[in-house]
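One structure is given here, and the rest of the page talks about it.
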2 protein chains.
Amino acid sequence: MKKLTLEEVGKLAGVSRATVSRVVNGYPHIRPEIRERVQRVIDETGYRPNLLARSLASDRSNIIGLVIPSGAQAVFTDPYFPCLTQGIARGVNTNNLTLALFMVHSEQEEERTILSILGTGLVDGLIVTSDNKGDVFIPELVRHDMPFVQIGRSLYSNQVYRVDTDNVTGSYLATKHLLSLGYQRIATIATNRNCSGDDRFTGYTNAFAEYGRTIDRRLVAYGDYGLESGYHAMRQLIPQRPDAVFVTSDTMALGALRALQEAELRVPDDIAIVGYDDLPPAVQANPQLTTIRQPIEQTGFLAVATLVKILSGEPPESHEIVLPVELVVRASCGAVRMNAGVASAQKANYQVNA
Amino acid sequence: MKKLTLEEVGKLAGVSRATVSRVVNGYPHIRPEIRERVQRVIDETGYRPNLLARSLASDRSNIIGLVIPSGAQAVFTDPYFPCLTQGIARGVNTNNLTLALFMVHSEQEEERTILSILGTGLVDGLIVTSDNKGDVFIPELVRHDMPFVQIGRSLYSNQVYRVDTDNVTGSYLATKHLLSLGYQRIATIATNRNCSGDDRFTGYTNAFAEYGRTIDRRLVAYGDYGLESGYHAMRQLIPQRPDAVFVTSDTMALGALRALQEAELRVPDDIAIVGYDDLPPAVQANPQLTTIRQPIEQTGFLAVATLVKILSGEPPESHEIVLPVELVVRASCGAVRMNAGVASAQKANYQVNA
DNA sequence: TTTCTTCTTGAGAGCGCTCTCAAATAAAAG
DNA sequence: CTTTTATTTGAGAGCGCTCTCAAGAAGAAA
């Protein structure tokens, strides 16, 4: 199975390289008879065009890159990235592209990666998942005018294309839900090093504002979206005696849950909890988490679609796509006490302290 | 910031394209004075070689592909893939390669993907994660003599290079642990559609053999590594009244745990449980899971290293690398009753049924 | 039949790089 | 001061494809 070239296929079919190229790429203006003959040779020989040569000649690699910066150690524990990647992969497949994955582990690697991406012609465009506020990546991309779309909010909005989920509304809904259930001391475990964290905190305060209430700074703790950080933040919060807590990620909520258990506080009886993401951890938790569902997979898919549009030269009208989120009510918020088998198991667990 | 070529850099430095190429690639036999002059021009202009052109000319893309076949829906729920990918990414970075990610969602996509990978010159080699017994991928790769290394066990061992963790020993250890603790009716939740599942079942039977005992088929249930399947398998098992169960993945163990909770069976008092993987779910579980730790990240890293060796023309002596695993004892097996705060929380939870 | 269109095909010039080979220059040897 | 050998450089031929451009074939119009 040696490698064939256009030239050789042409020879076999008795036509020129150019003609073979035309049938391979489905151009019009070919005599059906010839097209068929060439196609037969292609099928018989199993000819496949050399993508590298094609890219070089056409100045289009059809490769797009996905950049996952070093800040995102959560890759391990959080199903967020797999889910997002899944969506991106789907987008890539439906658009006949190839996905290059750039996972950066350290600052130096970041530098090296940027260099190997920019100006090398390897990728046509990029999807950047940086949610980090201090990110230097974006300006660099702009400087090299590398087409890209960012996932999550950006400090450079309006200049970059981005797709995001509606974090402000999401946490507004979560907080409002807690408020409407009558909880008085609603704490939050927020994050402060990333844009989505800011947005989620904004939603939290918005809900308070709507209810004519002000937030109590002592009921605000910070984590980094990781499990451990949720645990520690919750331990910090417990002495303040909150009766509910809005945790801005399910994974952190899992950590918080553990802290609560250790403190022998019952959820939701002693304290209600609402998470964010609606990823598998939300259902694995005990009790199952009331949380905010965001269409992560779709986010990835749309990011690709947007990038494709940009690359095709007809950029989308709007610079941003913000996807809707929804509140998913389960057991942990106390709105629903009984709920199939799971709820009864919870009952068993918690009766002890009743 | 328009794109420079070797030719232009050469013009600026007053040398030929070939010379610039030499300094870019660090070849010897260049007058230091010239090398320096050229280097300065490169630095000043920020010249970056076009990777596509280089690949075409050198017949080496320095891109390797990672194939995640459609069978692996577990991508969502299981941190296995992120972890593996992390290791592969690290390997790719240290070897100055680029990683292309091929995630396949359906059979047709699989076909399409194979075609777009094979014979297109895009990737120099592949890392294949298929653990599926019925996989048609491998023979195809061999037929096109595409260099690759497989992660996990293969039906075609001895012909392909592979790196794997020691599944047989792993489940042998897990089962033996249960046996040594004196459990009498040790069930297992296995999987039967993949190679690692076979190996893990073998380890289970090996341990029984060592203890001069035979396994009871009624105590064997099957899942697919997913959470739900663990739940259903456990429900099937409960009527057989096992006093311990070895679940061949932590994620399934989580599902099993839920079934047990619903049945108001206490872990480990009424039934002990041992998982496999030692991924985050093991620690998130309540009680925390005794499990088998396997070096997944390292598996990925070594797979890349192996592939690199193959590509360099000096293939490794051995066709397989099998990494050691270890037993991690936590609360779920009943070997350790008290164990920091977590254990006390468990105590609280389970007292109710005492 | 001749002339003008329209359709179909091939020739050939790149894309930006690598790499061989031979020319040119410098150093060593006779 | 030649001749031999080693070192440094440039010319040029690809890699396999795309794409423009013009030539040839065929059909329509005159």
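Quick note on labels: first sequence line is chain A, next is B, and so on, each numbered from 1. The basis for the numbers below is simple: all heavy atoms, side chains too, and nothing from hydrogens, waters or symmetry mates.
Look at E109(A) and R112(A) and you find no salt bridge, because none of the NZ, NE, NH1 or NH2 atoms lies under 4.0 Å from a carboxylate O. One finds no salt bridge joining R54(B) and D59(B) here, because no Lys/Arg side-chain nitrogen approaches an Asp/Glu carboxylate oxygen to under 4.0 Å.
Remark: P of dC19(D) and CG of L6(A) are 12 Å apart, rounded to the nearest angstrom. E33(A) places its CD atom 15 Å from the P atom of dA25(D), with the value rounded to the nearest Å. As a whole-Å value, the separation of R60(A) CZ from dG14(C) P is 23 Å. L4(B) places its CG atom 14 Å from the P atom of dC15(C), with the value rounded to the nearest Å. Remark: C1' of dC15(C) and CG of L52(A) are 12 Å apart, rounded to the nearest angstrom. Separating the CZ atom of R17(A) from the P atom of dT8(C) is a distance of 21 Å, rounded to the nearest angstrom. Going from atom CG of D59(B) over to atom P of dC19(C) covers 10 Å, rounded to whole Å. Rounding to whole angstrom units, CG of residue N62(A) and P of dT18(D) are separated by 11 Å.
Listed nucleotides: dG10(D), dG10(C), dC15(D). Nearest to the side chain of A18(A): dG10(C). When each of dA11(D), dT18(D), dT18(C) is scored by its nearest atom to the side-chain atoms of R54(A), the top-ranked nucleotide is dT18(D).
Looking at V128(B), L66(B), V123(B) one by one, the single match for side-chain contact (heavy atoms from CB on, under 4.5 Å) with F102(B) turns out to be V123(B).
Rounded to the nearest 0.5 angstrom, N25(A) CG and S58(A) OG are separated by 9.0 Å.
Within 4.0 Å (heavy atoms only), I30(B) reaches sugar-phosphate atoms of the nucleic acid but no base atom. Within the nucleic acid shown, N50(B) comes within 4.0 Å of sugar-phosphate atoms alone, with no base atom in reach, counting heavy atoms only. Note on I34(A): only backbone sugar-phosphate atoms sit closer than 4.0 angstrom, heavy atoms only; bases stay farther off.
The residue among T5(B) and V15(A) whose nearest nucleotide of DNA chain C lies closer to the 5′ end is V15(A). The nearest heavy atom of DNA chain D to P32(B) and to L51(A) marks one nucleotide each, and the one closer to the 5' end goes with P32(B).
Within the 4.5 Å cutoff, the side chain of V149(A) has no heavy atoms near those of the V160(A) side chain.
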Sub-3.5 Å pairs of nitrogen or oxygen atoms, protein against nucleotides 24-27 of chain C:
none

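For L323(A) against P295(A), the heavy-atom pair with the smallest separation is CB-CG, 3.8 Å. Minimum heavy-atom separation, L122(A) to S61(A): O-OG, 2.7 Å.
Distances shorter than 4.0 Å separate none of the side-chain N or O atoms of S58(A) from OP1 or OP2 on dC17(D). Considering only side-chain N and O atoms, H29(B) lies nowhere under 4.0 angstrom from the phosphate OP1 or OP2 of dT7(D). A close approach under 4.0 Å does not occur between any side-chain nitrogen or oxygen of R31(B) and OP1 or OP2 of dT8(D). The phosphate of dG10(D) (OP1 or OP2) has a side-chain N or O of S16(B) nearer than 4.0 angstrom. For Y27(B) and dT9(D), the shortest distance from a side-chain N or O to OP1 or OP2 is not below 4.0 Å.
Stacking of R90(B) on the aromatic ring of F301(B) is recorded, both the 6.0 Å distance cut-off and the 45° axial limit being met.
For R22(A) against dT8(C), a side-chain-to-base donor-acceptor contact under 3.5 Å is absent.
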